[in-house]
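Positions are given from 1, in the same order as the sequence printed here. Note that this is a predicted model, so its numbers are computed, not measured.
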Amino acid sequence: MNQEMALRVDPLMDEMLDLFVEEGNLTTGALVDMTGKSRATVTKRLDKLRTAEAIEYVHESTGLHRLVEDPREDSDAQQD
């Protein structure tokens with residue numbers, strides 16, 4: 001992951017990352033259902049995660065994403 005782009009992981013993003021780790025590939029709609037947040041709110045977090053190269057599209061037209069690298073692992077290592 002690009003070290004210049006610090007990603008601030010908020011509680012919703014943390015929940016979404018947990019879901020990717022537990023469930024694997026997820027659509028935007030599935031994340032909306034699982035988190036109970038609005039599509040716009042979930043989409044903003046997905047955009048940030050894609051920009052940070054933490055997730056990528058598997059199938060863009062259906063909004064299917066996969067976790068590439070958990071950004072929380074980098075922040076944990078930097079705090080030690």
Side-chain angles (χ1 to χ4, degrees):
M1 188 168 84
N2 186 348
Q3 294 299 323
E4 294 174 16
M5 296 181 61
L7 178 66
R8 185 171 109 21
V9 177
D10 64 18
L12 174 58
M13 195 178 292
D14 189 51
E15 179 182 358
M16 291 169 58
L17 288 165
D18 284 343
L19 289 168
F20 275 112
V21 169
E22 294 165 10
E23 304 289 331
N25 298 348
L26 292 166
T27 62
T28 304
L31 287 163
V32 168
D33 290 345
M34 293 172 157
T35 62
K37 302 298 181 186
S38 72
R39 181 170 291 274
T41 298
V42 168
T43 298
K44 285 179 188 176
R45 297 316 188 287
L46 290 171
D47 290 345
K48 289 179 182 181
L49 288 167
R50 267 195 316 278
T51 299
E53 299 178 352
I55 64 169
E56 67 183 9
Y57 279 117
V58 173
H59 192 252
E60 189 170 351
S61 62
T62 59
L64 183 63
H65 297 85
R66 77 175 189 95
L67 183 65
V68 175
E69 181 180 355
D70 191 334
R72 300 171 297 182
E73 293 172 4
D74 288 342
S75 63
D76 290 345
Q78 291 173 2
Q79 291 176 359
D80 290 342

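- Residue pairs meeting the ring-ring contact (aromatic ring centres under 6.0 Å, His included) criterion with at least one partner in residues 17-64, sequence neighbours excluded, are Tyr57-His65.
- Sorted by first and then second residue, the pairs that involve residues 12-35 and meet side-chain hydrogen bond (donor to acceptor under 3.5 Å, both in side chains), not counting sequence neighbours, are Asp14-Arg72, Asp18-Arg72.
- Contact of the Met16 side chain with the Leu26 side chain is not registered, since no non-hydrogen atoms from C-beta on lie closer than 4.5 Å.
- Pairs engaging residues 21-48 under the ring-ring contact (aromatic ring centres under 6.0 Å, His included) rule: none recorded [sequence neighbours left out].
- Residues Val32 and Ser38 form no side-chain contact, since every pair of their non-hydrogen atoms from C-beta on lies 4.5 Å or further apart.
- Partners of Arg50 under the salt bridge (charged side-chain N to carboxylate O under 4.0 Å, His left out) rule, at least two apart in sequence or in another chain, are Asp47.
- Among residues at least two apart or in separate chains, salt bridge (Lys or Arg N to Asp or Glu O under 4.0 Å) pairs with a member in residues 35-45 are Asp10-Arg45.
- Here the CE-CG distance, from Met34 to Leu31, works out to 7.0 Å after rounding to the nearest 0.5 Å.
- Partner of Leu49 under the side chain to side chain contact (heavy atoms under 4.5 Å, CB included) criterion, out of Val9, Leu67, Ile55: Ile55 alone.
- Glu69 has its side chain out of reach of Glu53: every pair of non-hydrogen atoms, C-beta onward, lies at least 4.5 Å apart.
- Applying the salt bridge (Lys or Arg N to Asp or Glu O under 4.0 Å) test to pairs two or more places apart or on separate chains, those with a residue in residues 54-64 are Glu56-Arg66.
- By the rule that hydrophobic residues join a cluster once side-chain heavy atoms approach within less than 4.5 Å of another member, Leu17 and Val68 end up as members of separate clusters.
- Hydrophobic clustering, defined by side-chain heavy atoms of Ile, Leu, Val, Met, Phe, Trp and Tyr closer than 4.5 Å, groups Val58 together with Leu64.
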